[in-house]
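Step one of this worksheet: look at the structure below.
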Number of protein chains: 2
Amino acid sequence: MSETAERLKRNNIRPSYARIRIMEYLMEHPVHPTVEDIYQNLVKEIPTLSKTTVYNTLDLFVRHNLARVVTIEENETRYDADTTNHGHFKCETCGSVYDFTINDDGLETKGIGDFAVTEKHVYFKGICKKCLYSKE
Amino acid sequence: MSETAERLKRNNIRPSYARIRIMEYLMEHPVHPTVEDIYQNLVKEIPTLSKTTVYNTLDLFVRHNLARVVTIEENETRYDADTTNHGHFKCETCGSVYDFTINDDGLETKGIGDFAVTEKHVYFKGICKKCLYSKE
DNA sequence: GTACACATTTATAATAAATCCAAGATTGGA
DNA sequence: TCCAATCTTGGATTTATTATAAATGTGTAC
């Protein structure tokens, strides 16, 4: 059994072929793909794949903490197999989304003192190095 | 001329009635309303208002830095007239979105050293005080 | 191995947000 | 007042997501 299959099993997810391939796709393409991206690429090798399955499977992964939703002011939901706490940077010129590591120990927050925080999301926008140097 | 109208003018936006009322609504309702919220409430007093106008106007405000898009893993875009740097906390129990002040001086970021950052967004999810104490 | 119960996947249709577009209304300046 | 530019409108489209019900696949007891 593949490593991915084992991993799904350990997380109480039956390792169907679609689920294995979707998880592998997520891990092999850490560019925060959309449902459409995943569907278009996997349907080539799984012609019967339906988009609903991609939606269901990604929701399942998120519920089991094997993936995260990445939202950066876009109407299309993106997914990320990296569930550790990290930030995202979106280049407004080329559209790429980069990961960056964050250490939020020093982040002061006032106003939500007694709130129970379960998820922290940080995203920046701007222009990436590549686009900065290739400007005109 | 109203204060809001002056403000729009200063930002090179022609202060039409729709624009003034949308900006006022945003400022009077700092709960990060959606386009639907704004439209449903303003159409009562401006019966001819169209949703497209709300979309156009909000886009205009964002481009002129008079409003910001707030995205917290929802399919509906929310808007905020507060353009200063602050965080958002979404309670997963009651759905409310709270503002909180952040001081990101202490936020370490590795991996985007030479990137030009124009916007920083921080949002947390969890359970707010009110819901925590009213639990069962 | 077969049969059965249950889980998964599929296709289609429904819903809802956002965008497009062309026509009509409004505005500011000559 | 008139004109040109800008703004607004309403309806039609596009696109993402969800719901539903039928079909298919899978694991287990026999």
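This one's a predicted model, so the numbers in the text were calculated from it and none came from an experiment. A note on names: the letters A, B, ... follow the listed sequences, proteins ahead of strands, and every chain is numbered from 1.
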Rounding to an integer number of Å, can you tell me how far [X] [atom1] sits from [N] [atom2]?
X	N	atom1	atom2	value
Ile38(B)	dA17(C)	CD1	C1'	14 Å
Asn75(B)	dA18(C)	CG	P	8 Å
Glu76(A)	dT19(C)	CD	C1'	14 Å
Arg19(A)	dT10(C)	CZ	P	11 Å
Arg78(B)	dA17(C)	CZ	P	11 Å
Tyr39(A)	dT10(C)	OH	C1'	10 Å
Leu8(B)	dT27(C)	CG	C1'	15 Å
Arg14(B)	dT26(C)	CZ	P	13 Å

Less than 4.5 Å apart, any side-chain heavy atom of [X] and any of [Y]?
X	Y	value
Arg7(B)	Leu66(B)	yes
Pro30(A)	Asp82(A)	no
His32(A)	Ile72(A)	no
Cys128(B)	Ser96(B)	no

Name the first nucleotide and the last nucleotide along DNA chain D (5' to 3') that come under 4.0 Å of a heavy atom in chain A.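 Using the under 4.0 Å cut-off, the span is dA16(D) to dA19(D).
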Within residues 41-56 of chain B, residues whose heavy atoms come under 4.0 Å of DNA chain C: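 Within this stretch, Thr52(B), Tyr55(B) sit under 4.0 Å of the strand.
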Identify, with sequence neighbours excluded, every residue that meets ring-ring contact (aromatic ring centres under 6.0 Å, His included) alongside Tyr55(A).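 Partners of Tyr55(A) by the ring-ring contact (aromatic ring centres under 6.0 Å, His included) criterion come out as none, since no residue qualifies.
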As an exercise, state the distance from CG of Leu26(A) to CG of Asp80(A), rounded to the nearest 0.5 Å.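 Result: 7.5 Å between the selected atoms.
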With rounding to the nearest 0.5 angstrom, report the CG to CD distance, Asn11(B) to Glu6(B).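 So the CG of Asn11(B) and the CD of Glu6(B) are separated by 12.0 Å.
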Please state whether the rings of His86(A) and His88(A) are parallel, tilted or perpendicular, taking 30° and 60° as the class boundaries.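 If you compare the ring of His86(A) with that of His88(A), the planes turn out perpendicular.
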What's the verdict on ring-ring contact (aromatic ring centres under 6.0 Å, His included) for Phe100(B) and Phe124(B), showing C-alpha distance, side-chain angles and the deciding distance? CA-CA 10 Å; Phe100(B) 62 89; Phe124(B) 290 0; 5.2 Å; yes
Mind checking if Thr77(A) touches a base, just sugar-phosphate, or nothing, with heavy atoms under 4.0 Å?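 If one applies the 4.0 Å heavy-atom cut-off, Thr77(A) turns out to touch the sugar-phosphate alone, with no base involved.
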